[in-house]
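So you know, we letter chains A, B, ... as the sequences are listed, proteins then strands, and number each from 1.
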Amino acid sequence: MIAQGSSDEVLLARIAEGDRLAMQILFGRHQTRVYRFVLNMVRNTAQAEDVISEVFLDVWRQAGRFEGRSGVATWLLSIARFKALSGMRKRQDAPLDDKVAEVIRDESDTPDVQLQKKGKGILLRQCMTKLSQEHREVLDLVYYHERSVEEVATILGIPGATVKTRMYYARQKLSEFLRQAGVDRGWP
Amino acid sequence: MSAMPDLRGIEELLPWYAAGTLDPEQAAQVEAALAAHPELRRSLALAEEELRETVGLNEALGAPSTRALEALFAGIDAEPARGAPLGRRLRDLGGQLSEWFSPRTAGWATLTAGLVIAAQLAFHLTPSVQEANRQVAAGGPAGLTPSFSPREPGRFATANKDEAARSGSFLLVAFQGDAKIAAINDALAAVRAVVVDGPRAGGLYRLRIGPASLPEPEIQRIAETLGGNKGVIRLVLRSSE
């Protein structure tokens, strides 16, 4: 009998045999993180939900071919990235979602006023949203999705050394935006 | 152990160190560098701050609605049916049905019960009786060629597979994980129930308990009889199909 505590790999093996309950458990376990990863890319909640449905439908179809070279979570994020990028190429004129737009920096205040109003943490978040897609996704994968260097390399399809330098430059850019907003982190 | 990275190399690893996702060797290198170069701690503090805010930023995005799950299962329903191998389905029945594939552990009574259950499942769930016989024979003990006939009185429905699954009165049951084959068979035989489908989501099996004309009080009595057998039956539900 499948149990809620079964590992992702056990669930995948059951999904490969057509076990819908295993699919439901795997979906419930990973849907929110995959959704947030996709939403940061497509910036539209309806599209993000469409993408995660497609991601897990792909899992249903491909479960028997999962080789275990990366973890299941990494595999899911790889599929999600591919599908999100494919969708973005098709829907370049899609509107920005309200939820995502909320955190977009308000340009009307001076840096001092912003810092005073919002505090450093929120300012940092706003500067993160100004990062390029390439820099933002590596930040999310490392800090939020807790992917190792190798796992990020797998998801992005780049060498591990490139992952590390991309992360370094993303943090450097973040510091630059913060400096422009009146916060000097003293790094790099 | 690999060569110690230079300070720039250590700086590059600090985000992963803050996230706790470095391998032990690299984590040790970072810790050695932090001890030797305290100024790196300032950089680590910034990485920790970035981590906190990245997590906060993502958590503020909320969660998907149920629409995604509904769309997923609508897509799965549209896919071609994918049945589990007969062996997997038998293992799902309390985890004991695989015993009958092991001649040393199965007594004759258990073997017979297992044949009955396998035959019920195979007859109703596999594409053909011949295929079910082949699967049953492949797993049976040496020297025995098990077979079954859909016309054997008292045990099998004489209606064909599709007809048995469509017409009649039905219940949905889930079996206890440690239920023995013989006990399952006895429980079903006591109410003249036949397995016509399963396992479904939640480990549920659809039982045909009689003709469509079965009176409601009788259906209720059968459901209560099955539900009262706590050692075998975990759950009894009315089938809406």
Assess the residue pair A/Met128 and B/Glu53 against the criterion (side-chain contact (heavy atoms from CB on, under 4.5 Å)); give the C-alpha distance rounded to whole Å, side-chain angles, the decisive distance to 0.1 Å, and a yes or no.
CA-CA 9 Å; A/Met128 284 177 179; B/Glu53 299 309 326; 4.0 Å; yes
Side chain, backbone, both or neither: which part of [X] has an atom under 4.5 Å from a heavy atom of chain B?
{"X": "A/Val55", "answer": "neither"}
{"X": "A/Gln24", "answer": "both"}
{"X": "A/Leu139", "answer": "both"}
{"X": "A/Leu57", "answer": "both"}
{"X": "A/Val149", "answer": "both"}
{"X": "A/Thr165", "answer": "both"}

Roughly how far, to the nearest 0.5 Å, is [atom2] of [Y] from [atom1] of [X]?
{"X": "B/Asn58", "Y": "A/Asn40", "atom1": "CG", "atom2": "CG", "value": "5.0 Å"}
{"X": "B/Leu72", "Y": "A/Phe27", "atom1": "CG", "atom2": "CZ", "value": "6.0 Å"}
{"X": "B/Asp77", "Y": "A/Arg20", "atom1": "CG", "atom2": "CZ", "value": "4.5 Å"}
{"X": "B/Leu57", "Y": "A/Tyr143", "atom1": "CG", "atom2": "OH", "value": "13.5 Å"}

Pair B/Glu50-A/Arg185, salt bridge (Lys or Arg N to Asp or Glu O under 4.0 Å): steps then yes or no:
CA-CA 12 Å; B/Glu50 290 160 13; A/Arg185 307 172 92 199; 2.7 Å; yes
Determine, for A/Phe56 and B/Arg67, whether the Lys NZ or Arg CZ falls below 6.0 Å from the six-membered ring centre while staying within 45 degrees of the axis.
no
So which heavy atom on A/Ser148 is nearest to which on B/Thr21, and how close?
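Looks like CB-O, 3.8 Å.
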Please rank B/Glu11, B/Arg8, B/Glu70, B/Glu49 by heavy-atom pairs under 4.5 Å with chain A and give me the top one.
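Greatest number of close heavy-atom pairs with chain A: B/Arg8.
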Looking at B/Leu14, B/Ile76, B/Leu13, B/Val55, which makes the most heavy-atom pairs under 4.5 Å with chain A?
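The candidate making the most pairs under 4.5 Å is B/Ile76.
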Find the one option among A/Asp140, A/Val163, A/Leu174, A/Val152 whose heavy-atom pairs under 4.5 Å with chain B are most numerous.
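Highest number of heavy-atom pairs under 4.5 Å: A/Asp140.
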In terms of heavy-atom pairs under 4.5 Å with chain B, which of A/His145, A/Arg136, A/Arg33 leads?
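Among A/His145, A/Arg136, A/Arg33, the one with the most close pairs to chain B is A/Arg136.
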Those residues of residues 31-47 of chain B that come under 4.5 Å of chain A on a heavy-atom basis, listed by number, are B/Arg42, B/Ser43, B/Leu46, B/Ala47
Hey, does the side chain of B/Trp16 reach the backbone of A/Arg147 with a donor-acceptor pair shorter than 3.5 angstrom?
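Side chain of B/Trp16 to backbone of A/Arg147: a pair is present.
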Can any side-chain N or O of A/Ser53 pair as donor or acceptor with the backbone N or O of B/Ala68 at less than 3.5 Å?
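Yes, because the side chain of A/Ser53 sits within donor-acceptor range (under 3.5 Å) of the backbone of B/Ala68.
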Within residues 155-165 of chain A or reaching into it, pairs that qualify as salt bridge (charged side-chain N to carboxylate O under 4.0 Å, His left out) - sequence neighbours excluded
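For residues 155-165 of chain A, and leaving out neighbouring residues, there are no salt bridge (charged side-chain N to carboxylate O under 4.0 Å, His left out) pairs at all.
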Counting only heavy atoms not in A/Phe177, do more than 12 sit closer than 6.0 Å to its CZ atom?
yes
Check each atom of B/Leu22 against the heavy atoms of chain A and say whether the ones under 4.5 Å are side chain, backbone, both or neither.
neither
Let me see the working for A/Arg36 and B/Glu59 under salt bridge (Lys or Arg N to Asp or Glu O under 4.0 Å), right down to the final yes or no.
CA-CA 8 Å; A/Arg36 289 169 178 172; B/Glu59 289 180 346; 5.0 Å; no
Testing the 3.5 Å rule here: is there a donor-acceptor pair between the side chains of A/Glu49 and B/Ser65?
yes
